[in-house]
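The next block holds one structure in the form of structure tokens; read it before the comments.
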Amino acid sequence: MRTLPGTPAPPARDGAPLRVGLIGYGLAGSVFHAPLIAAAPDLVLDTVATRSAERQAQAHAEHPGVRTVAGPEEVLARAAELDLIVLATPNKTHAALATAALEAGLPVVVDKPLAATAAEADRLDRLAADRGLLLSVFQNRRWDNDFRTVRKLLDEGAFGEVRRFESRFERWRPLPKGGWRESGDPAEIGGLLYDLGSHLVDQALTLFGPVTSVYAESDVRRPGAEADDDTFFALTHANGVRSHLWAGAAAAQLGPRFRVLGSAAGYVKYGLDPQEAALRAGDRPGAADASWGVEPESAWGRLGAGESPVTGGGTPVPTLPGAYPAYYSAVARALREGGRPPVTAAEAAAALRVLEAAKRSAAESRTVRIAQPGA
């Protein structure tokens, strides 16, 4: 049944779990998407597409009963038997494969970034709306334990008026790992700006809204590296908040994951959400597992004013549990009920506008202004 443009069409197979075709079974597909799809009560992993015989065997071992095929064309040929396509493929393939899936009449989840440019993302958004199909982007870091905690504190007014938001994804990887993510070929859409930068910018926009100007520095630090591995963003939001964001692979000492400074108090949080490490180790979320995404009290951030948390300043704030499974539960609900997906293509396009401005700023050593819609 056709729905109004922009409203995802409910699937026809009411009652039975929604059948998912997953294209790509590398890191993103095997570690993140497949386990989280399998953990969603209303979804079933039906098909995995990968040209690697080794990865096909891995998929069968990890998800008994799953169908495996070599390529996306074989998945799309079965469009009438599926309810959702998930793209966990290299960045450069996202826009073309999302287009093919939407044109085949299938709702789509795309790993970030949705596309190489905001213009491509806008085009995909219009295509999905015209077809009445769900299009969502997998921004799992919105369900990180620390980000959920910052959002809660913000909603409670714990900071007073927020003036500065600092956010980091820093790593110490002095030697490049290679692969398309670290390729210097612009066609690959690699480098940290589009990788970890996609998460950093999405989180800043989610908390503080539209950005009016961007200043960025982007460098290649490690010997043998081709793509940016040390990137800094300074964003000015329309509401006056300034966000300072870091993405680095060559940070010998890691800074706090978050530092939020307001007129009444500040919050500092070190360490990373535990869910990625758990998924990489083979742990899986379960409906009855109350320990999923929970971190020890020793890792909690501190809220206060006037003294560094390093020397005991502030009050420990219990970190909310991480909740990656909530993403696919929300996708299933949107498909069933015809509502808004958990992350929209329009939100992804807004983040890409910031990333494009950052890339231009770093290349030209200047601040780049972003025109606001309707301005």
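Scope of the values below: all heavy atoms of this structure, side chains included, with no hydrogens, waters or symmetry mates.
- In this structure, CG in Leu355 is found 5.5 Å from CG in Leu352, a value given to the nearest 0.5 Å.
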Pair Thr99, Leu97 - check side-chain contact (heavy atoms from CB on, under 4.5 Å), show working.
CA-CA 5 Å; Thr99 299; Leu97 287 175; over 6 Å; no
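- The number of heavy-atom neighbours closer than 6.0 Å to CZ of Arg302, taken from other residues, nucleotides and ligands shown, is above 12.
- Between the side chain of Asp230 and the backbone N or O of Ala250, no donor-acceptor pair lies under 3.5 Å.
- Looking at every heavy atom in both residues, Pro341 comes nearest to Leu135 through CG-O, 3.9 Å.
- At a threshold of 4.5 Å between side-chain heavy atoms, the hydrophobic network of Ile, Leu, Val, Met, Phe, Trp and Tyr places Val66 and Val69 in one connected group.
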Would you please test Arg369 and Val214 for side-chain contact (heavy atoms from CB on, under 4.5 Å) and show each step?
CA-CA 6 Å; Arg369 294 197 61 80; Val214 180; over 6 Å; no
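- The existence of a salt bridge linking Glu356 and Arg353 is excluded, since no basic side-chain nitrogen approaches an acidic carboxylate oxygen closer than 4.0 Å.
- Side chain to side chain, Tyr25 and Glu54 fail the donor-acceptor criterion of an N or O pair below 3.5 Å.
- Using a 4.5 Å cut-off on side-chain heavy atoms (C-beta onward), Leu133 and Val108 make no contact.
- Residues Trp246 and Glu166 bring no donor and acceptor atom of their side chains to less than 3.5 Å of each other.
- Minimum interatomic distance between Val137 and Thr344 (heavy atoms only, all atoms of both residues): CG2-O, 4.5 Å.
- Side-chain contact of Arg242 with Thr236: a donor-acceptor pair under 3.5 Å is present, judged by distance alone.
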Checking Phe258 against Phe165 for the ring-ring contact (aromatic ring centres under 6.0 Å, His included) test, could you report, in this order, the C-alpha distance in whole Å, the side-chain angles of both residues, the deciding distance, and whether it holds?
CA-CA 8 Å; Phe258 288 115; Phe165 171 68; 5.7 Å; yes
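- Of all heavy-atom pairs between Pro35 and Gly29, the closest is CD-O, 4.2 Å.
- How far NZ of Lys359 is from OG1 of Thr231: 11.5 Å, rounded to the nearest 0.5 Å.
- A side-chain donor from one of Tyr327 and Ser136 sits under 3.5 Å from a side-chain acceptor of the other.
- Screening Gln56, His60, Arg55, Glu62 against Gln58 for a side-chain hydrogen bond (donor to acceptor under 3.5 Å, both in side chains) leaves a single residue, Glu62.
- For the atom pair OG1 (Thr93) and CD1 (Ile189), the distance works out to 8.5 Å, reported to the nearest 0.5 Å.
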Stepwise side-chain contact (heavy atoms from CB on, under 4.5 Å) test for Leu320 and Trp143
CA-CA 10 Å; Leu320 293 176; Trp143 289 269; over 6 Å; no
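- In this structure, Arg148 does not pair ionically with Asp273, as no charged nitrogen and carboxylate oxygen lie closer than 4.0 Å.
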Steps toward salt bridge (Lys or Arg N to Asp or Glu O under 4.0 Å) verdict (Asp202, Arg141)
CA-CA 9 Å; Asp202 178 74; Arg141 294 292 181 178; over 6 Å; no
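- Side-chain atoms of Pro321 and Trp292, non-hydrogen and from C-beta on, never get closer than 4.5 Å to each other.
- Interatomic distance, NE2 of His63 versus CG of Asp46, reported as 13.0 Å (0.5 Å rounding).
- Between the side chain of Glu182 and the backbone N or O of Lys177 there is at least one donor-acceptor pair closer than 3.5 Å.
- Contact of the Thr68 side chain with the Thr47 side chain is not registered, since no non-hydrogen atoms from C-beta on lie closer than 4.5 Å.
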What's the verdict on salt bridge (Lys or Arg N to Asp or Glu O under 4.0 Å) for Lys92 and Asp185, showing C-alpha distance, side-chain angles and the deciding distance?
CA-CA 11 Å; Lys92 67 179 181 181; Asp185 182 354; over 6 Å; no
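- When the options Asp83, Ile85, Val75 are evaluated for a side chain to side chain contact (heavy atoms under 4.5 Å, CB included) with Leu106, the one that passes is Ile85.
- In this structure, CZ on Arg151 lies 6.5 Å from CG on Leu207, to the nearest 0.5 angstrom.
- No side-chain donor from either of Thr149 and Asp146 sits under 3.5 Å from a side-chain acceptor of the other.
- With contacts defined as side-chain heavy-atom distances shorter than 4.5 Å, the pair Phe232/Leu245 does not qualify.
- No side-chain donor-acceptor contact under 3.5 Å links His94 and Asp111.
- Under the 3.5 Å distance criterion, the side-chain polar atoms of Arg284 are matched with a main-chain donor or acceptor of Leu279.
- The cationic group of Arg257 lies under 6.0 Å from the six-membered ring centre of Phe169 and within 45° of the ring axis, placing it in a cation-pi geometry.
- When only modelled atom types and interatomic distance are considered, His244 and Arg164 share a side-chain donor-acceptor pair under 3.5 Å.
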Before you tell me yes or no, could you show the steps for Glu276 and Arg280 under salt bridge (Lys or Arg N to Asp or Glu O under 4.0 Å), namely the whole-Å CA-CA distance, both residues' side-chain angles and the distance that decides it to 0.1 Å?
CA-CA 6 Å; Glu276 178 176 348; Arg280 284 176 178 266; 2.9 Å; yes
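- Across every non-hydrogen atom of Thr319 and Gly301, the tightest pair is OG1-N, 4.3 Å.
- Between Glu295 and Lys269 there is a salt bridge, since a side-chain N of the basic residue sits under 4.0 Å from a carboxylate O of the acidic one.
- At distances below 3.5 Å, not a single donor-acceptor pair connects side-chain atoms of Ser263 with backbone N or O atoms of Gly160.
- Between atom CH2 of residue Trp300 and atom CG of residue Leu303 there is a gap of 13.5 Å, rounded to the nearest 0.5 Å.
- Between the side chains of His237 and Thr212, no donor-acceptor pair of N or O atoms lies under 3.5 Å.
- Between Gly184 and Glu226, the closest heavy-atom pair is N-OE1, 2.8 Å.
- Taking every heavy atom of both residues into account, Asp42 and Ala16 meet most closely at OD1-O, 4.3 Å.
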Decide side-chain contact (heavy atoms from CB on, under 4.5 Å) for Arg366 and Ser361; before the verdict, give the C-alpha distance in whole Å, the side-chain angles of both, and the deciding distance to 0.1 Å.
CA-CA 5 Å; Arg366 67 180 182 89; Ser361 170; 5.6 Å; no
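- Under the 4.5 Å side-chain heavy-atom criterion for Ile, Leu, Val, Met, Phe, Trp and Tyr, Leu154 and Leu200 are members of the same hydrophobic cluster.
- Put simply, the side chain of Tyr194 does not reach to within 4.5 Å of the side chain of Asp228, judged on heavy atoms.
- A perpendicular orientation is assigned to the rings of His33 and Tyr328, their planes being inclined by more than 60° (bins at 30° and 60°).
- Note on Arg222 versus Asp229: salt bridge recorded, some NZ/NE/NH1/NH2 to OD/OE distance being below 4.0 Å.
- In this structure a side-chain-to-backbone donor-acceptor pair under 3.5 Å is present from Glu170 to Gly255.
- Glu347 has a carboxylate O that lies under 4.0 Å from a charged side-chain N of Arg142, or vice versa, which qualifies the two as a salt bridge.
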Apply salt bridge (Lys or Arg N to Asp or Glu O under 4.0 Å) to residues Arg51 and Glu73 and explain how you reach the verdict.
CA-CA 12 Å; Arg51 300 192 190 282; Glu73 61 280 354; 3.5 Å; yes
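- Environment of CD in Glu364: crowded, with over 12 heavy atoms of neighbouring residues, nucleotides or ligands closer than 6.0 Å.
- Under the 30°/60° scheme for interplanar angles, the aromatic rings of Phe32 and Tyr324 are found to be tilted.
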